[in-house]
Amino acid sequence: MSRHGIHVLVDAPEVGRNMRDHLTSLICLEVAGGTLKDATKIGNVINYLTRRKGMLTSDIAEAYGFVRTDDALELPDVEMIFAPVAYVQEGLNGIPAHGVSLGPILLQPESRGSISLASPNPLDKVIVDAGYLSDPNGADRATMLRALRMASDIFATPSMTGVTNGHHLSPLGAERLPADELLSVLLEQNSHTLYHPTSTARMGTDAASVVDPQLRVRGVDRLRIADASVMPEIIRGHTHAPTVVIGERAAQLLRS
Ligand SMILES: Cc1cc2nc3c(=O)[nH]c(=O)nc-3n(C[C@H](O)[C@H](O)[C@H](O)COP(=O)(O)OP(=O)(O)OC[C@H]3O[C@@H](n4cnc5c(N)ncnc54)[C@H](O)[C@@H]3O)c2cc1C
């Protein structure tokens with residue numbers, strides 16, 4: 001019998017464990033104008049509807065690059081992403097002002113989260129704890145701080161100082177913080193998911209893994225999982241395309 005009084009038929013403790021996600025933390029600086037804050041103005045809507053051109057054709061994250069925050073690393077540990085809009089609090093409270101956003105995405109987090117039941121009621125929402133920056137040796141935090149330093153250095157180049165006025169839009173006025181506090185405050189207050197949760201039903205060849213390499217759930221007959229949750233580890237890129245590949249592979253396996 002489990003914590004929620006549900007009779008256990010298959011004991012698979014890794015279900016819901018090992019959650020990985022890409023954390024991002026953006027620096028948002030004010031600019032005079034010409035950003036996607038204007039994308040839904042009537043002129044832009046008409047431009048898009050009649051000519052399929054203009055701001056509404058933007059994919060928002062218009063520039064990016066994969067970088068190493070430490071020269072000793074063999075592979076990039078961060079993706080740097082740029083958007084011509086002030087992406088403050090994921091846009092949930094609107095766009096506060098004209099601004100641009102630049103910051104890192106942590107590609108291979110050591111931190112792990114979990115998804116667990118809140119109650120025995122299947123209609124209740126589950127508890128999602130992404131566990132960001134919770135790795136015991138602090139490696140994820142250290143990487144993000146190095147990467148935020150890189151983003152800050154990019155904003156300090158003449159090309160960028162010619163565009164922004166240096167005023168932080170999140171948290172407002174952060175430019176007045178002491179330099180050694182600024183990056184920690186940005187990390188604590190501007191971090192959020194990049195919407196890439198994976199790995200809560202890890203595929204593996206070991207007995208503890210949730211699904212086997214044919215996507216079959218261990219201990220349960222005639223049940224397969226085909227989504228981002230089976231990734232044994234989060235990938236260094238974005239998760240949509242590999243999830244489609246997992247779906248295509250599942251279709252092959254079912255047909256064979
Ligand atoms: C805002 C946002 C932006 C993103 N941008 C990108 C991007 O630019 N590039 C990229 O590569 N990835 C992006 N991603 C990530 C990508 O969308 C996901 O990695 C991918 O969709 C994961 O696929 P999935 O099949 O695991 O889950 P999902 O796509 O979430 O599919 C789950 C499906 O299950 C259905 N479902 C849920 N509960 C039930 C139920 N009880 N019964 C029946 N059906 C149910 C849902 O309706 C949904 O159709 C983004 C994600 C978000 C949220």
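Worth knowing before you read on, the calculation uses all heavy atoms, side chains too, and leaves out hydrogens, waters and symmetry mates. From a predicted model like this one, the values you see are computed outputs, not experimental measurements.
- Distance check, rounded to the nearest 0.5 Å: CZ of Arg51 to OG1 of Thr57 gives 10.5 Å.
- In the model, Ser119 has a side-chain atom that pairs as donor or acceptor with a side-chain atom of Asp124 under 3.5 Å.
- A donor-acceptor contact closer than 3.5 angstrom links the side chains of His167 and Glu175.
- Across Ile246 and Met231, no two heavy atoms sit closer than the pair CD1-CG, 4.0 Å.
- Taking 4.5 Å as the limit, every side-chain heavy atom of Leu29 sits out of range of all side-chain heavy atoms of Leu169.
- A donor-acceptor pair shorter than 3.5 Å can be found between the side chains of Asp77 and Thr69.
- Heavy-atom neighbours of Tyr64 OH from other residues, nucleotides or ligands within 6.0 Å: at or below the threshold of 12.
- Under the 6.0 Å distance and 45° angle rule, Arg52 counts as a cation-pi partner of Tyr48.
- Counting heavy atoms of neighbouring residues, nucleotides and ligands inside a 6.0 Å radius, atom NE2 of His240 does not exceed 12 of them.
- For the residue pair His238 and Glu79, a side-chain donor N or O sits within less than 3.5 Å of a side-chain acceptor on the partner.
- In this structure, a donor-acceptor pair under 3.5 Å is absent between the side chains of Arg202 and Asn18.
- Classification of the His196-His22 ring pair by plane angle, with boundaries at 30° and 60°, yields perpendicular.
- In the model, Thr200 has no side-chain atom that pairs as donor or acceptor with a side-chain atom of Arg17 under 3.5 Å.
- Here Asp140 contributes atom CG and Ser111 contributes atom OG; the two are 3.5 Å apart, rounded to the nearest 0.5 Å.
- Other residues, nucleotides and ligands contribute at most 12 non-hydrogen atoms within 6.0 Å of the CD atom of Glu248.
- A continuous path of ILVMFWY side-chain contacts below 4.5 Å connects Leu117 to Ile115, so both sit in one hydrophobic cluster.
- Residues Leu23 and Ser191 share a closest heavy-atom pair of CD1-CB, 3.9 Å.
- The two residues Ser101 and Cys28 come nearest to each other via the heavy atoms OG-SG, 3.4 Å.
- Atom CG of Leu73 has more than 12 heavy atoms from other residues, nucleotides or ligands within 6.0 Å.
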Verdict with reasoning, Ser114 to Asp129, per side chain to side chain donor-acceptor pair (under 3.5 Å): CA-CA 5 Å; Ser114 63; Asp129 175 5; 5.0 Å; no
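- Aromatic ring centroids of His192 and Tyr87 lie under 6.0 Å apart.
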Evaluation steps, side chain to side chain contact (heavy atoms under 4.5 Å, CB included), between Val217 and Ile225: CA-CA 7 Å; Val217 177; Ile225 300 178; 3.7 Å; yes
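- Under the 4.5 Å side-chain criterion, counting only non-hydrogen atoms from C-beta, Met203 is in contact with Leu215.
- Remark: the Tyr132 side chain and the Asp21 side chain contain an N/O donor-acceptor pair separated by less than 3.5 Å.
- Ion pair Glu188/Arg141 flagged as a salt bridge, since at least one NZ, NE, NH1 or NH2 atom sits closer than 4.0 Å to an Asp/Glu carboxylate oxygen.
- Side-chain contact, Glu62 with Ser58: a donor N or O sits under 3.5 Å from an acceptor N or O.
- If you check the side chains of Gln252 and Arg255, you find no donor sitting under 3.5 Å from an acceptor.
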Criterion side chain to side chain contact (heavy atoms under 4.5 Å, CB included) on Phe155 and Leu102, from CA distance to verdict: CA-CA 8 Å; Phe155 267 135; Leu102 172 69; 3.6 Å; yes
